[in-house]
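Order of listing sets the numbers, starting from 1, for every ligand and every atom in it. Both backbone and side-chain heavy atoms feed into the values below; hydrogens, waters and symmetry mates do not. Positions are given from 1, in the same order as the sequence printed here.
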Amino acid sequence: MILIGVNRSPYTRRVAITLAAYDVRYEQRDLSGFGNRDEVRTANPLGRIPALVLDGGETLVDSAAIVDHLDEVHGGDRPLTPRLGAERRAVLRIAALMMGACDKGLQAAYHRNHVPAEKRHQPWIDDCLAQMTMALASVDSQAADGSRYLLLDRLTQADITAFVAERLARGIGIDTAATMPNLFALARRLLEEAPFKSTEP
Ligand SMILES: N[C@@H](CCC(=O)N[C@@H](CS)C(=O)NCC(=O)O)C(=O)O
């Protein structure tokens with residue numbers, strides 16, 4: 001199995017943590033969506049990371065579809081996203097908020113990095129960052145009781161996506177330690193666990 005993408009990408013890191021949590025062996029090609037577009041396109045016509053090439057040659061794209069497949073094959077009776085009901089909905093809700101937060105954070109960063117300074121529209125950047133911040137703040141309050149995990153007293157995709165979103169937020173200049181201390185602390189605790197530690201970029 002080959003994971004295509006760099007762990008600096010929150011979406012790729014999410015898949016890498018999931019693979020490690022399921023103890024799946026894989027190789028990784030450290031390609032970036034912008035820097036290695038042509039190579040990435042051989043796996044994903046959209047030119048985005050991550051992609052996961054399965055042992056039989058089939059290629060999965062988009063982190064949500066990839067982790068869904070990993071749950072199906074490796075999740076047994078305790079998949080990282082529960083299979084049914086209220087537990088599944090609760091985990092998917094946080095995962096959607098956190099992946100949406102990453103989308104907004106990256107839109108702001110792409111605008112900052114790819115648009116010439118004279119064409120930059122600061123209100124758009126501010127709006128993206130505000131959306132990201134509100135989503136992260138909602139998970140920060142959920143983490144206020146200091147539990148090791150956000151839901152179900154065990155590791156789920158809620159924790160993994162919160163971890164990668166907090167990391168991205170810090171990377172683009174949001175002071176999560178000061179403004180979202182519960183989420184910051186959750187991420188620090190998770191980083192002590194092997195799937196998180198072993199996938200540090
Ligand atoms: N929804 C996708 C988002 C993937 C994504 O946006 N990846 C970024 C890297 S962080 C990328 O490849 N960007 C290059 C581009 O959009 O052209 C997922 O969850 O996998």
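Remark: ligand 1 and Ile49 share an N or O pair separated by less than 3.5 Å (distance only, no angle test). An N or O contact shorter than 3.5 Å is missing between Asp103 and ligand 1 by distance. Polar contact with ligand 1: absent for Ser9 (N/O pair, distance under 3.5 Å). Below 3.5 Å of separation, one finds an N or O of Asp62 facing an N or O of ligand 1.
Contact of the Leu168 side chain with the Met132 side chain is registered, since non-hydrogen atoms from C-beta on lie closer than 4.5 Å.
Side chains of Thr176 and Glu166: a donor on one and an acceptor on the other come within 3.5 Å. Under 3.5 Å, the side chains of Asn7 and Gln28 contain a donor-acceptor pair of N or O atoms.
Put simply, no part of Arg14 is less than 4.0 Å from ligand 1, judged by heavy atoms.
Scanning all protein heavy atoms for the shortest distance to atom 16 (O) of ligand 1 gives Arg48 NE, 3.0 Å. At the shortest separation from atom 13 (N) of ligand 1 among protein heavy atoms lies Tyr110 OH, 3.1 Å. At the top of the distance list for atom 20 (O) of ligand 1, counting protein heavy atoms only, stands Ser63 N, 2.8 Å.
Near Pro50, meaning under 4.0 Å from any of its heavy atoms, are these atoms of ligand 1: 20 (O). Applying the 4.0 Å criterion to heavy atoms of Arg37 picks out, from ligand 1, the atoms 14 (C), 15 (C), 17 (O). Residue Gly33 has at least one heavy-atom neighbour below 4.0 Å for each of these atoms of ligand 1: 12 (O).
Residue Leu106 touches ligand 1 through its side chain alone, judged by heavy-atom distances below 4.0 Å.
Residues passing the salt bridge (charged side-chain N to carboxylate O under 4.0 Å, His left out) test with Arg29 are Glu27, sequence neighbours excluded.
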Please tabulate, one pair per line, all N/O donor-acceptor pairs under 3.5 Å involving side-chain atoms of residues 91-111, not counting sequence neighbours.
residue, atom, partner, partner atom, Å
Asp103, OD1, Tyr11, OH, 2.5
Lys104, NZ, Gln131, OE1, 3.1
His111, NE2, His121, N, 3.0

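Residues Phe196 and Leu151 fall within the same hydrophobic cluster, defined by Ile, Leu, Val, Met, Phe, Trp and Tyr side chains chained together at heavy-atom separations under 4.5 Å. A single hydrophobic cluster is seen to contain both Leu3 and Val24, as judged by linkage of ILVMFWY side chains at heavy-atom distances under 4.5 Å, directly or through other members. In the hydrophobic clustering of ILVMFWY residues, with side-chain heavy atoms under 4.5 Å counting as a link, Leu152 and Phe163 come out together.
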